[in-house]
2 protein chains.
Amino acid sequence: MPNIGNLDGVPSVAMSTVISIRDLKTHCMTCSMRELCLPVGLEREAMHQLDQLVSERRRFKRGEPIYSAGEPFAALYAIRLGSCKTTVLAEDGREQVAGYHMPGDLLGLDGIGHDRHGCQSIALEDIEVCVLPFGQLEELSHRFPPLQKNLHRVLSREIIRDHNVMLLLGSMRAEERLAVFLLNLSHRYHDRGYSATEFVLRMTREEIGSYLGLKLETVSRLFSRFQQEGLIQVQGRAIKLLDTAALRQLAGQHG
Amino acid sequence: MPNIGNLDGVPSVAMSTVISIRDLKTHCMTCSMRELCLPVGLEREAMHQLDQLVSERRRFKRGEPIYSAGEPFAALYAIRLGSCKTTVLAEDGREQVAGYHMPGDLLGLDGIGHDRHGCQSIALEDIEVCVLPFGQLEELSHRFPPLQKNLHRVLSREIIRDHNVMLLLGSMRAEERLAVFLLNLSHRYHDRGYSATEFVLRMTREEIGSYLGLKLETVSRLFSRFQQEGLIQVQGRAIKLLDTAALRQLAGQHG
DNA sequence: CGACTAGTTGAGGCCAGTCAATGTTGGTGG
DNA sequence: CCACCAACATTGACTGGCCTCAACTAGTCG
């Protein structure tokens with residue numbers, strides 16, 4: 001996945017760079033991610049209104065939070081470029097990765113429930129997001145039923161996704177979890193026009209482990225074993241899937 | 001929690017009994033669960049419209065599905081009485097409990113995403129639900145912004161809930177999981193006007209285990225140990241919490 | 001070049017799973 | 001009403017998968 005350049009030294013709000021959308025002439029209409037994002041299937045007028053709503057985009061550098069737990073909830077964020085992780089924090093400091101996000105994904109859905117973000121999203125690489133003020137989005141979806149429907153779908157799909165993670169964490173063994181993880185990434189890269197068999201992980205072994213409920217050593221060992229068994233080829237974070245059929249078998253057709 | 005009576009021998013649609021809401025004069029307005037359900041804080045007119053929408057209620061007996069995976073999605077279900085479990089099914093037949101639901105809870109949210117139910121909800125005891133046709137609900141929420149907001153909140157809170165389960169499954173040990181589970185039930189019974197310290201489990205050890213990512217023997221052993229340590233008193237499915245402070249400590253303040 | 005982070009690999013331990021035997025409970029029909 | 005049966009639950013002995021601890025390597029950045 002291509003990075004956008006850094007913006008070192010540029011003064012910014014909250015460690016990020018605010019960009020007027022008018023300056024950049026990037027609209028939902030022409031966004032390559034629109035088929036994965038909220039505006040799926042909207043007619044011209046609704047799309048135009050949505051464009052108006054996306055008043056700003058923001059860029060973040062690796063490690064910066066797009067939003068943090070406890071912050072008042074004001075907007076959803078649609079990823080244009082780059083990727084991030086969402087982590088849930090326990091009171092005792094325990095932290096767990098709840099998801100990895102790519103272009104077209106919508107962030108911050110958990111904030112709606114209590115007008116406050118319950119988790120945090122952190123950039124895994126330089127990332128660019130569209131800011132969708134939620135009050136305006138609700139108002140707009142109120143005028144355009146198809147947009148409302150899309151919003152409901154996005155929320156519901158997040159629930160479905162979470163259920164699948166629960167299934168993974170609750171009933172699968174380590175090797176199955178990793179197989180599911182790799183196939184899931186493969187699938188999502190493919191949807192975005194990238195290779196389904198070759199990609200570069202944006203996260204550490206520890207972050208993968210956190211997501212899968214495993215320790216980093218276990219993840220590392222599994223990568224080595226999968227490679228030895230000819231399922232994949234690993235070179236640090238560069239992954240090549242060699243035998244997706246076998247992986248699917250391992251994953252119990254979850255991929 | 002009180003049961004409603006069985007309805008043995010009464011002919012029914014889909015193994016359940018359909019009741020005209022007019023006959024029973026039970027409306028959202030007078031429903032004791034409205035503060036936990038969708039109509040929270042709606043004004044009179046919206047509440048009235050919502051009443052109209054709830055055209056039927058259904059009763060199910062223990063073990064019957066309220067809806068099943070793969071069924072076309074048509075409606076949400078609000079629990080009036082009783083409880084149920086939601087289970088996710090993997091392609092290989094593996095099954096996992098994704099949640100337990102009580103009066104006031106809304107079921108079927110995962111169906112919105114693909115117009116098809118992705119999991120199933122099964123009655124744990126005789127249960128009575130209000131049927132909320134989703135098309136009409138969307139249309140109504142379109143006319144009443146506060147209802148729309150409530151719907152968004154409900155969806156988002158389900159996501160938050162799922163995140164907490166992921167945290168539990170991914171990073172907690174068996175005893176912590178069970179402590180969280182007990183405190184969560186306690187909290188929810190309390191919210192519904194029941195005792196926070198004495199309640200009767202509606203599910204088997206195996207179902208608890210499925211939800212917590214543990215085997216039934218482990219759950220059983222933990223119950224015994226908790227009892228031995230004076231944390232709880234167990235008599236089959238009857239539970240009494242004796243030392244909630246210690247449980248909370250165990251749970252890492254997740255309760 | 002040294003400090004640091006990320007990743008790999010090995011040895012050993014422990015928590016939860018597995019297998020198995022036994023006890024308990026609740027619903028059903030004689 | 002009670003005997004029976006099946007489902008549910010408890011407990012023990014043993015196993016094994018993943019975790020822990022630790023050493024080492026490879027890259028990266030100031």
Side-chain angles (χ1 to χ4, degrees), chain A residues 3 6 8-9 61-63 85 94 96-97 122 124-125 168-182 200-229 232-239 250, chain B residues 3 5-6 8-9 61-64 85 94 96-97 122-126 168-182 200-229 232-239 250:
Chain A
N3 281 10
N6 284 1
D8 307 42
K61 290 195 277 187
R62 189 155 74 86
K85 63 172 176 178
R94 239 181 308 215
Q96 167 141 2
V97 174
I122 294 187
L124 288 171
E125 61 190 313
L168 178 142
L169 291 172
S171 71
M172 299 177 75
R173 290 164 347 101
E175 56 179 18
E176 303 177 282
R177 296 184 200 185
L178 190 63
V180 170
F181 176 70
L182 290 173
V200 175
L201 300 172
R202 306 260 83 117
M203 68 294 282
T204 67
R205 302 291 191 257
E206 185 169 22
E207 287 167 330
I208 296 171
S210 173
Y211 180 59
L212 299 178
L214 303 170
K215 291 294 158 186
L216 70 95
E217 294 95 330
T218 303
V219 174
S220 179
R221 270 185 252 273
L222 284 170
F223 272 133
S224 299
R225 215 184 78 204
F226 281 5
Q227 174 157 252
Q228 202 182 335
E229 290 168 350
I232 63 176
Q233 189 177 309
V234 195
Q235 181 75 257
R237 298 198 185 174
I239 301 285
L250 247 186
Chain B
N3 280 10
N6 283 1
D8 305 43
K61 290 196 278 186
R62 188 155 73 87
E64 288 179 358
K85 63 173 176 178
R94 240 180 307 214
Q96 168 141 1
V97 174
I122 294 186
L124 288 171
E125 61 190 314
D126 293 356
L168 178 142
L169 291 172
S171 73
M172 300 177 75
R173 292 170 338 105
E175 58 179 18
E176 303 177 281
R177 296 185 200 185
L178 190 62
V180 170
F181 177 70
L182 290 173
V200 175
L201 299 172
R202 306 261 82 119
M203 67 295 282
T204 67
R205 302 290 190 259
E206 185 169 22
E207 287 168 329
I208 295 172
S210 173
Y211 181 58
L212 299 178
L214 303 171
K215 291 294 157 184
L216 69 96
E217 295 94 331
T218 304
V219 174
S220 180
R221 269 185 252 274
L222 284 170
F223 273 133
S224 300
R225 214 184 80 205
F226 281 5
Q227 174 156 253
Q228 203 182 336
E229 290 168 350
I232 64 175
Q233 189 178 308
V234 195
Q235 180 73 256
R237 298 197 186 176
I239 301 285
L250 248 186

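Just so it is clear, the model here is predicted, and its values are computed rather than measured. Per chain, numbering begins at 1; letters A, B, ... match sequence-line order.
- For A:Lys215, there are no salt bridge (Lys or Arg N to Asp or Glu O under 4.0 Å) partners, not counting sequence neighbours.
- Nearest-nucleotide positions on DNA chain C for A:Val234 and B:Gly236 put A:Val234 closer to the 5' end.
- Between A:Glu125 and A:Arg62, none of the side-chain N atoms (NZ, or NE/NH1/NH2) sits under 4.0 Å from a carboxylate O, so this pair counts as no salt bridge.
- Counting all heavy atoms, side chain and backbone alike, A:Val97 lies closest to A:Ser210 at N-OG, 2.9 Å.
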Annotated protein contacts, base or backbone, on nucleotides 15-30 of chain D with a non-hydrogen cut-off under 4.0 Å, one of B, S, - each: ---SSBB---------

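- Considering only heavy atoms from C-beta on, B:Glu207 stays 4.5 Å or farther from B:Leu216 through its side chain.
- Look at CZ on B:Phe223: it is 19 Å from P on C:dT24, rounded to the nearest Å.
- Under the 3.5 Å distance criterion, the side-chain polar atoms of A:Arg205 are left unmatched by any main-chain donor or acceptor of A:Glu217.
- The shortest side-chain heavy-atom distance between A:Ile239 and A:Gln233 does not fall under the 4.5 Å cut-off.
- In this structure, B:Leu168 atom CG and C:dA16 atom P are separated by 12 Å, rounded to whole Å.
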Compile the donor-acceptor pairs under 3.5 Å between side chains in residues 220-228 of chain A and protein atoms, sequence neighbours left out, one pair per line.
| unit_1 | atom_1 | unit_2 | atom_2 | d |
| --- | --- | --- | --- | --- |
| A:Ser224 | OG | A:Ser220 | O | 3.2 |
| A:Arg225 | NE | A:Glu229 | OE2 | 3.4 |
| A:Arg225 | NH2 | A:Glu175 | OE1 | 2.2 |
| A:Gln227 | OE1 | A:Val234 | N | 2.8 |

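- For B:Ser220, counting side-chain heavy atoms from C-beta on, the closest listed nucleotide (D:dA9, C:dT8, C:dA6) is D:dA9.
- In this structure, B:Leu212 atom CG and C:dA16 atom C1' are separated by 13 Å, rounded to whole Å.
- Distance CZ (B:Arg205) to C1' (C:dT24): 12 Å, rounded to an integer number of Å.
- Of all heavy-atom pairs between A:Ile208 and A:Met203, the closest is CG1-CG, 3.4 Å.
- In this structure, B:Met203 places its CE atom 17 Å from C1' of D:dA7, rounding to the nearest Å.
- The distance from atom CZ of B:Arg237 to atom C1' of D:dA9 is 10 Å, rounded to the nearest whole Å.
- When the local axes at the two ends of the helix from C:dC1-D:dG30 to C:dG30-D:dC1 are compared, using 5 base pairs at each end, they differ in direction by 40° after rounding to 10°.
- When rounded to the nearest whole Å, the span between CD of B:Glu206 and C1' of D:dA7 equals 11 Å.
- For the pair B:Arg237 (side chain) and B:Val200 (backbone), a donor-acceptor distance under 3.5 Å is absent.
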